[in-house]
Amino acid sequence: MALIVQKYGGTSVGSVERIEAVADKIAGFRDKGDDIVVVVSAMSGETNRLVALAKEIMDQPTPREMDVLLSTGEQVTIALLCMALEKRGYGAHSFTGGQVRILTDDAHTKARIKEIDSSRIHAQLEQQNVVVVAGFQGVDEVGNITTLGRGGSDTTAVALAAALDADECQIYTDVKGVYTTDPRVVADARLLSTITFEEMLELASLGAKVLQIRSVEFAGKYRVPLRVLSSFEDDPGTLITLEEDSEMEDPSIAGIAFERDEAKLTVTGVPDVPGIAYKVIGPVGEAGIEVDVIVQNVGADGSNDITFTVKRNDSEKARKILQDVCTSLQAREVILDTKICKVSLVGVGMRSHAGIAAKMFKALADESINIQIITTSEIKISVVIEEKYLELAVRALHSAFNLGDPESSHSSK
Ligand code: ADP
Ligand code: ASP
Ligand code: MG
């Protein structure tokens, strides 16, 4: 008998029929004698619908009220899933994040979990009930509802698995597991049976939304056995492991991630004096805007160009801040380009394999794709390119590094 935490994402609970199917799946685990704690997302499209409603009223709703609004999506699915389980004769008990007491900090819309009180969950498990917890939400010290950032139900599930010392955390989604890249972009993307935490962390942070990055951080930190698998069919999916898989054919590259929603800002003609990068980037960071890739180069005239990327929906705010910086530093101009994207190759094997960057740049050159910025770390290489080339670049790299599945049977929809 095992204690399993299972998370079902938006598509998996996207309709009453899907919720009934999830209930059947959970019933199967209960029949085997497992204790089950379930985390559910809102029905697919619901969180977006709620965001759009808020935006109809005001452009920048207060984060506190946004959280009160967004948390309602998950409250619907916990209740419906419990009803579906009860209809089948299984005891079930729903909890909102606040009812469990998933304590977070007070950073509304991007809160971090600080502590989980597992006593109420244990009490329900002892009564042989399936416990169904609303993903993506918690409460702060004073009882305000908080949410954990988009995709946050993954993090709820892994954090619960850590708090309950579960035997496994299973993330059920709408594809069979983690692929070499998004199977919706590359038809012959290959399903990975295992991937290391380190690689999964990079893929998640570089845009592969199959797992929210914080969930991978949690799983690595608390050693939670984590598996991604399909809620639509029976397949062991992908196990996130601590060790590299030495049997992998070409271990140099695990996968390709991409990010569409970035924008590039350049301040040109900045005087080349110590502290200048801080003077340009500092005010942007102080405004709570996350700065991603940064490059600085000194031009022939001895002045600097400083270029960096931010999330696209922060880019206009960043541009305004930079305009003031530009004036005070007597720099030349601020250029905003919103039509860019970032494509990244990830693999722990890069440490021991030379020539990967060159092969990557050649594959892009062969498609006449211009690289605007390059950044590297030990296990990843990222390039910023024009947005319209995103799919072409991902497919070209996928085939240049032979990542494809010869049988290409990825689709589980
Ligand atoms: P859920 O609603 O279940 O949380 P998400 O939409 O958040 O599902 O994440 C699953 C999606 O992640 C898939 O449908 C797929 O399009 C996308 N995805 C991006 N990169 C990958 C990858 N490397 N492997 C699998 N899926 C990926
Ligand atoms: N419903 C939330 C979202 O759409 C959380 C989640 O699905 O994980 O982002
Ligand atoms: Mg998700």
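Keep in mind that the numbers below use all heavy atoms, side chains included, and drop hydrogens, waters and symmetry copies.
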*Roughly how far, to the nearest 0.5 Å, is the CG atom of Leu397 from the CZ atom of Phe258?*
12.0 Å

*asked:* How long is the straight-line distance from CG of Leu148 back to OG1 of Thr156, given to the nearest 0.5 Å?
replied: 4.5 Å

*Pick out which of Ser230, Ser231, Ser41 makes a side-chain hydrogen bond (donor to acceptor under 3.5 Å, both in side chains) with Ser12.*
Ser231

_For residues 386-400, which residue pairs pass the side-chain hydrogen bond (donor to acceptor under 3.5 Å, both in side chains) check, not counting sequence neighbours?_
Thr180-His398, Arg260-Glu391, Arg312-Glu387

*Starting at CG of Asp261, measure out to OG1 of Thr309 and round the result to the nearest 0.5 Å.*
10.5 Å

*If you measure from the Lys or Arg side-chain nitrogens to the Asp or Glu carboxylate oxygens, is any gap between Arg319 and Glu316 under 4.0 Å?*
yes

*Look at Lys320 together with Asp324 and state whether they make a salt bridge at an N to O cut-off of under 4.0 Å.*
no

_Cationic N near anionic O, under 4.0 Å, Glu168 to Arg227_ = yes

_Quick one, Lys110 with Glu290, criterion salt bridge (charged side-chain N to carboxylate O under 4.0 Å, His left out). Give me CA distance, side-chain angles, the key distance, then yes/no._
CA-CA 13 Å; Lys110 46 176 184 280; Glu290 217 175 293; over 6 Å; no

_Does the Lys NZ or Arg CZ of Arg223 fall within the cation-pi geometry relative to Phe197 - under 6.0 Å from the ring centre and within 45° of the axis?_
no

*According to the salt bridge (Lys or Arg N to Asp or Glu O under 4.0 Å) rule, which pairs have a member within residues 38-48, sequence neighbours left out?*
Glu46-Arg49

*Charged N to carboxylate O under 4.0 angstrom, Arg184 versus Asp174?*
yes

*asked:* For Ile78 versus Thr96, what's the shortest heavy-atom pair and its separation?
replied: CD1-N, 4.0 Å

*Could you name each residue pair satisfying side-chain hydrogen bond (donor to acceptor under 3.5 Å, both in side chains) that touches residues 52-61, not counting sequence neighbours?*
none

*Heavy-atom pair with the smallest gap, counting every atom of Val158 and Ser215*: CG1-O, 3.5 Å

_I need the minimum non-hydrogen distance between Ala161 and Val5, along with the two atoms involved._
CA-CG2, 3.7 Å

*Take atom CD in Gln323; do more than 12 heavy atoms of anything else shown fall under 6.0 Å from it?*
yes

*asked:* So, taking the atom named CZ in Arg64 and the one named CG in Asp140, what distance separates them when rounded to the nearest 0.5 Å?
replied: 8.5 Å

*Assign the ring pair Tyr172 / Phe29 to parallel, tilted or perpendicular, where the plane angle (0 to 90°) is split at 30° and 60°.*
perpendicular

_Restricting to non-hydrogen atoms, name the atom on Ile213 and the atom on Ser205 that form the minimum distance, rounded to 0.1 Å._
CD1-CB, 3.1 Å

_Derivation of the side-chain contact (heavy atoms from CB on, under 4.5 Å) call for Phe218 and Ile113_ = CA-CA 10 Å; Phe218 250 104; Ile113 296 176; 4.3 Å; yes

*Given Glu198 and Leu201, is the side-chain contact (heavy atoms from CB on, under 4.5 Å) satisfied, shown in steps?*
CA-CA 5 Å; Glu198 214 182 348; Leu201 207 53; 5.8 Å; no

*Give a yes or no on whether Gln75 atom CD has more than 12 heavy-atom contacts from other residues, nucleotides or ligands under 6.0 Å away.*
no

*Start with the C-alpha distance between Thr147 and Asp67, add both sets of side-chain angles, then the distance that settles side-chain hydrogen bond (donor to acceptor under 3.5 Å, both in side chains), and finish with yes or no.*
CA-CA 6 Å; Thr147 64; Asp67 278 350; 2.6 Å; yes

*Carefully, step by step, assess Gln124 and Asn129 under the rule side-chain hydrogen bond (donor to acceptor under 3.5 Å, both in side chains).*
CA-CA 6 Å; Gln124 289 300 323; Asn129 285 333; 2.8 Å; yes

*asked:* What's the separation between atom CD1 in Ile145 and atom OG1 in Thr104, rounded to the nearest 0.5 Å?
replied: 11.0 Å

*For Val280 and Val325, which heavy atoms make the closest approach, and how far apart are they?*
CA-CG1, 4.0 Å

*Mind jotting down which residue pairs meet the salt bridge (Lys or Arg N to Asp or Glu O under 4.0 Å) criterion with at least one end in residues 24-38? Sequence neighbours excluded, please.*
Asp24-Arg88, Lys25-Asp234, Arg30-Asp35

*Run the salt bridge (charged side-chain N to carboxylate O under 4.0 Å, His left out) check on Lys114 and Asp105 step by step: do they pass?*
CA-CA 7 Å; Lys114 288 175 30 179; Asp105 61 18; over 6 Å; no

Would you tabulate the side-chain donor-acceptor contacts of residues 340-350 under 3.5 Å, counting partners in other chains and residues two or more places apart, or write 'none'?
unit_1	atom_1	unit_2	atom_2	d
Lys342	NZ	Asp292	OD2	2.5
Ser344	OG	Ser382	OG	2.8

*Considering non-hydrogen atoms only, spot the tightest contact between Ala254 and Leu192 and give its length.*
O-CD1, 3.8 Å

*May I have the step-by-step check of side-chain hydrogen bond (donor to acceptor under 3.5 Å, both in side chains) for Glu199 and Thr196, ending in yes or no?*
CA-CA 5 Å; Glu199 289 167 327; Thr196 66; 3.1 Å; yes

*Run the numbers on Asn402 and Arg190 for side-chain hydrogen bond (donor to acceptor under 3.5 Å, both in side chains), then give the verdict.*
CA-CA 10 Å; Asn402 287 323; Arg190 183 165 46 86; over 6 Å; no

*Report the C-alpha distance between Leu229 and Asp235 in whole Å, list the side-chain angles of each, state the deciding distance to 0.1 Å, and finish with yes or no for side-chain contact (heavy atoms from CB on, under 4.5 Å).*
CA-CA 7 Å; Leu229 59 183; Asp235 193 284; over 6 Å; no

*Distance from Leu81 atom CG to Glu86 atom CD, nearest 0.5 Å?*
10.0 Å

*asked:* As a quick check of understanding, evaluate side-chain contact (heavy atoms from CB on, under 4.5 Å) for Ile36 and Tyr90, giving each step before the final call.
replied: CA-CA 11 Å; Ile36 304 294; Tyr90 295 84; over 6 Å; no

*Results of salt bridge (charged side-chain N to carboxylate O under 4.0 Å, His left out) for Asp117 - residues two or more places apart only*: Arg120

*Check whether any side-chain N or O of Asp405 sits under 3.5 Å from a backbone N or O of Asp188 as a donor-acceptor pair, and report yes or no.*
no

